[in-house]
Structure formats: C-alpha cells, structure tokens
Amino acid sequence: MSKFLGFSCSLCDREYGPNEIIYTCPKDGGNLDIVYNFSSLKQDVSSDMIINSPEESLWRYLPLLPVNQVHGRETPLQAAGWTPIFSPPALREQLGLQSLWVKDESRNPTASFKDRASAVVVARALEIGVEVVVTASTGNAGAALAGMAAAAGQKAVIFAPRTAPPAKIAQLLIYGAEVLLVDGNYDQAFDLSILAANEFGWYCRNTGYNPFTLEGKKTAALEIWECLINRRSFESPLAVFVSVGDGNIISGLHKGFKDLQALDWLAEMPRIFGVQAEGSAAVANAFSAGVEEISPVAAETLADSISVDLPRDGVRAVRAASQTGGAYLTVSDAEILAAIADLGRVGIFAEPAGAAAYAGLHKALKQAIIGSEDPVLVFNTGSGLKDVNAAMQAVAPAVIIEPTLRAVEQALDLSD
Ligand SMILES: *Cc1c(COP(=O)(O)O)cnc(C)c1O
Ligand SMILES: [Zn+2]
C-alpha cells in the first residue's frame with residue numbers, strides 16, 4: 001500500500017484521494033494536509049534508516065515525502081535543504097541564552113527557505129507530467145521555483161509585484177522563467193496567477209494553495225529533529241522562532257513535528273513562535289484575539305517576503321503556535337534592521353524577513369516569554385544579498401577617503 005493516502009481539509013476534515021484533488025478543499029477553500037499511512041510507514045521506515053542516509057539534502061527524507069523518487073541528482077535540486085545549524089557564542093552572550101541555534105536557510109541553492117517547497121513541487125510536477133509550473137511570489141518563492149524548474153528542465157511562469165527587490169527579479173530572469181511583474185501587490189499577483197493557471201492549464205505552486213509546498217517545508221523540522229533534538233536531551237521543549245508571511249513555513253514546521261510524533265520518533269513537541277512585521281500582522285492579530293479566522297490587513301513593511309494582506313495559510317499558522325505552547329510576536333521595521341546588523345556581526349547575512357525571527361526572539365526575551373534557560377532555535381529564512389537596499393539601511397554608510405595614509409588615520413581615528 002502506498003504511503004501517500006490523499007488529502008484532509010484543515011477546516012472541515014473531509015478527506016480526498018490522492019488523485020481526486022489538486023489544490024484546496026472545494027467545499028470551503030481550506031488548505032489541505034497530506035495524509036500518510038503511518039502504520040505502513042512505521043513498518044517500512046526506521047529512524048536509523050533516515051539518520052544513516054548518505055543524501056545531503058532534503059531528499060534524505062524521501063520516505064516521509066509524498067513523491068516516489070529522489071529528484072534532480074547532479075542538479076541544484078539535489079542541494080535543497082540540509083542547511084547548517086550554527087550556535088554563535090557572541091549571539092548567545094548578547095541574548096543571555098544558554099542554548100541558541102541559528103538555522104541558516106540562506107544556504108539553499110537559490111538562497112531562501114522557499115527552495116524546500118519548490119523542490120518538492122517540481123518533483124510532484126514531474127510525477128504528474130505537467131509541462132508548465134506557475135507561481136505568484138514576493139520574490140523568493142518565484143526564484144526558488146524558477147531555479148528548481150530550470151534544474152529539472154521545466155517551464156516556469158512567475159507573477160511578482162513590480163516592486164520586488166531587483167536581486168530577486170534578476171534571479172527570475174537568469175533562471176529563464178517567464179517573468180510577469182504585476183503593477184499591484186503580492187495579493188493581486190496571487191489572484192491573477194490562479195486565474196491564469198486555470199485558464200492555461202498550468203500547475204500552480206502558490207504558497208498556501210498547493211498542498212505540496214508544506215511537505216517540502218516540513219523537512220526543516222525533520223532536520224531540527226535529526227540534528228538537534230535527537231542528539232541531546234532538553235530539559236524544556238525547544239522553542240523555534242520563524243518569520244511568518246502567508247504562514248506556510250510555520251505550518252510546515254508544525255506538520256513535520258506532527259509527522260515525527262505520529263511515527264513515535266519525537267517525544268516532546270517543540271514550541272513554535274511566529275514573528276510578523278507590525279505592518280503585516282494578520283496572523284498575529286488572529287492569534288492574540290484567540291481566533292482562527294484571518295482578517296486581511298493593508299500590509300506595509302520593508303520585509304517584502306512577509307508583506308501579505310491576506311495570509312493564505314493563516315489558519316494552520318495560528319494553530320502552529322496555539323497547539324504547541326508557542327506564541328506570535330510582532331516587530332517594527334527598525335527592530336528588523338537592528339536584527340540584520342546583529343546577525344551580520346556574527347557572519348550571517350539575512351534579508352529583512354530572514355532577520356525578523358531574530359528580532360522576535362529579542363522581544364520574547366525582553367517580555368520574558370522566553371527565559372535564559374530555554375533552548376531556542378531561530379531561523380534565518382533568506383539571504384541578505386536578496387535585498388541589498390534594505391541591508392544598507394541597517395548600517396552606517398562606508399566612509400569615502402582620499403587615497404592617502406593620512407586619510408586612513410583620520411577615518412579610523414588612528415592618529416595621536
Ligand atoms: C516566504 C518567506 C517567509 C515567510 O514564509 P510564509 O510561508 O509566507 O509564512 C519568511 N522569510 C522569507 C525570507 C521568505 O521568503
Ligand atoms: Zn473543507
């Protein structure tokens with residue numbers, strides 16, 4: 001019997017067969033969870049099999065993914081996931097935390113967390129034999145899809161807001177995608193991409209719409225389990241901090257940990273903390289109101305990757321915190337810029353959305369939501385090279401000098 005049984009609606013719990021449906025629940029538009037046959041998985045897969053896998057990518061978790069073979073050997077598809085986990089002493093000291101880890105997703109092939117989702121969606125697209133994949137994106141999801149599709153020899157069409165940072169647009173173009181810059185925001189690009197996908201018969205990767213993105217994103221939770229939780233014993237549950245836009249990454253992390261519990265490989269559920277920009281806080285608003293319904297906002301933040309009016313995976317994103325003893329925090333653009341500088345000083349270059357999680361951790365410590373003995377892992381979800389403009393706002397400008405030794409002395413205050 002196959003491991004991939006089908007889909008289950010996150011709103012009404014209705015179940016669908018694996019070939020019965022493509023995107024969301026036809027009854028209520030709810031996001032779909034992929035359902036596994038855990039009793040057969042428990043017989044066929046052991047944690048040792050995974051831990052001893054030679055794959056240095058997210059494909060080491062193939063037995064726990066809804067596709068059938070490792071995709072993209074000898075291409076960048078092979079390099080998605082399996083990102084490093086650092087524990088910079090200077091950050092631990094700065095925050096006064098005994099145990100702090102940073103999982104650096106900027107090390108993915110297109111330099112953001114989105115590669116995990118796109119690798120699995122492209123694998124699914126290959127298995128169901130579609131020719132064109134499409135996505136709406138603030139930039140990173142598009143870059144990831146364009147890069148992964150290029151690696152797999154697939155055609156990609158990307159809808160991005162025309163205001164997306166130039167580096168992200170450059171990635172789309174360089175990877176050879178059809179790039180449509182929408183004179184509107186991400187939410188408008190999102191709606192248009194679905195209309196176009198339906199009209200032209202393309203396979204749509206959209207975040208919080210295609211159920212396979214979540215499965216790719218859950219692999220980060222599997223890595224945290226394998227590299228951290230499984231190798232030590234924590235006195236209190238690990239607290240995981242991640243930034244939230246559509247809410248698909250945080251929901252994916254939750255799903256990954258839930259799958260591990262269903263396999264009996266994870267004793268204690270980590271606490272999951274979502275961080276949103278103050279100006280784009282629809283999920284955080286719902287969380288603090290104690291509801292799951294998401295009311296749209298008019299998003300305004302320099303962290304473009306988490307600038308979303310209506311988060312498309314908001315319900316599951318609220319649950320990721322509420323069902324694990326986590327919480328939501330909001331941070332200002334100024335706090336995000338300060339976090340970029342803090343991470344930079346230990347050698348980690350984050351884009352604004354990537355650094356937002358660290359800014360949220362800072363706040364959680366100040367508000368005593370996290371204590372100095374709590375073990376914490378914080379994500380950097382994207383590379384600072386994606387948005388150099390924002391990075392330059394986080395630091396003082398470089399000095400320009402005359403080409404003389406005297407000028408060096410003056411600039412560096414070395415003269416006596
Ligand atoms: C997409 C993205 C996020 C947020 O992920 P969601 O699934 O939209 O919540 C955070 N950081 C970066 C760098 C991203 O590209
Ligand atoms: Zn439903």
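Atoms within each ligand, like the ligands themselves, are counted from 1 in listed order. Here the structure is a predicted model, which is why all the values come from computation and not from measurement.
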Answer side chain, backbone, both or neither: which part of [X] comes under 4.0 Å from ligand 1, heavy atoms only.
| X | answer |
| --- | --- |
| V242 | neither |
| N248 | both |
| K217 | side chain |

Without hydrogens or angle criteria, can the side chains of K168 and S305 be said to hold a donor-acceptor pair below 3.5 Å?
->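 Indeed, the side chains of K168 and S305 share at least one donor-acceptor pair under 3.5 Å.
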D333 and Q393: CA distance, side-chain angles, deciding distance, side-chain hydrogen bond (donor to acceptor under 3.5 Å, both in side chains) verdict | CA-CA 10 Å; D333 283 359; Q393 295 175 51; over 6 Å; no
How far is [atom] from its nearest protein heavy atom, and which residue and atom is that?
| atom | result |
| --- | --- |
| atom 8 (O) of ligand 1 | D246 N, 2.8 Å |
| atom 10 (C) of ligand 1 | S243 OG, 3.2 Å |
| atom 5 (O) of ligand 1 | I249 CD1, 3.3 Å |
| atom 11 (N) of ligand 1 | T381 OG1, 2.7 Å |

May I ask you to check if any N/O/S atom from D13 comes under 2.8 Å of the Zn ion (ligand 2)?
->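 No.
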Proximal ligand 1 atoms for [X], defined as those under 4.0 Å from one of its heavy atoms:
| X | result |
| --- | --- |
| I306 | 3 (C), 4 (C), 10 (C) |
| G382 | 13 (C) |
| G247 | 6 (P), 7 (O), 8 (O), 9 (O) |
| N140 | 13 (C), 14 (C), 15 (O) |
| G245 | 4 (C), 6 (P), 8 (O), 9 (O) |
| V244 | 9 (O) |
| A353 | 11 (N), 12 (C), 13 (C) |

OD1 (D28) to the Zn ion (ligand 2) to SG (C25): angle, nearest 10 degrees?
->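 With the Zn ion (ligand 2) as the vertex, OD1 (D28) and SG (C25) sit 80° apart.
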Angle subtended at the Zn ion (ligand 2) by C9 SG and C12 SG, rounded to 10 degrees =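 Nearest ten degrees: 110°.
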Parallel, tilted or perpendicular, judged at 30° and 60°: which one describes the rings of [X] and [Y]?
| X | Y | answer |
| --- | --- | --- |
| Y209 | F190 | perpendicular |
| F212 | F7 | perpendicular |
| W202 | F159 | tilted |

Of the listed options E105, K168, K114, closest to atom 1 (C) of ligand 1 (non-hydrogen atoms) =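 That would be K114.
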So among D246, D304, D309, which one has a side-chain hydrogen bond (donor to acceptor under 3.5 Å, both in side chains) with Y186?
->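 Running side-chain hydrogen bond (donor to acceptor under 3.5 Å, both in side chains) over D246, D304, D309 with Y186 returns exactly one hit, D246.
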Atom CD of Q261 with >12 non-hydrogen neighbours under 6.0 angstrom |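 For Q261, atom CD is crowded (more than 12 foreign heavy atoms under 6.0 Å).
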Answer yes or no: are there more than 12 heavy-atom neighbours, outside K155 itself, under 6.0 Å from its atom NZ?
->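 No, the 6.0 Å shell around NZ holds no more than 12 heavy atoms from other groups.
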Just by modelled atom types, is the T330 backbone N or O under 3.5 Å from a matching donor or acceptor in the K363 side chain?
->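 Looks like yes, one N/O pair under 3.5 Å.
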N/O to N/O below 3.5 Å, does that happen between G354 and ligand 1?
->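 For ligand 1, there is no N or O atom that lies under 3.5 Å from one belonging to G354.
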SB check R124 E127 (cutoff 4.0 Å) =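 No, R124 and E127 are not salt-bridged.
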If you measure from OG on S251 to CG on D33, what distance do you get to the nearest 0.5 Å?
->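 CG of D33 is found 8.5 Å from OG of S251.
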First locate atom CH2 of W225, then atom CG of L263, and finally report the distance between them rounded to the nearest 0.5 Å.
->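 Rounded to the nearest 0.5 Å, the CH2-CG separation comes out at 8.5 Å.
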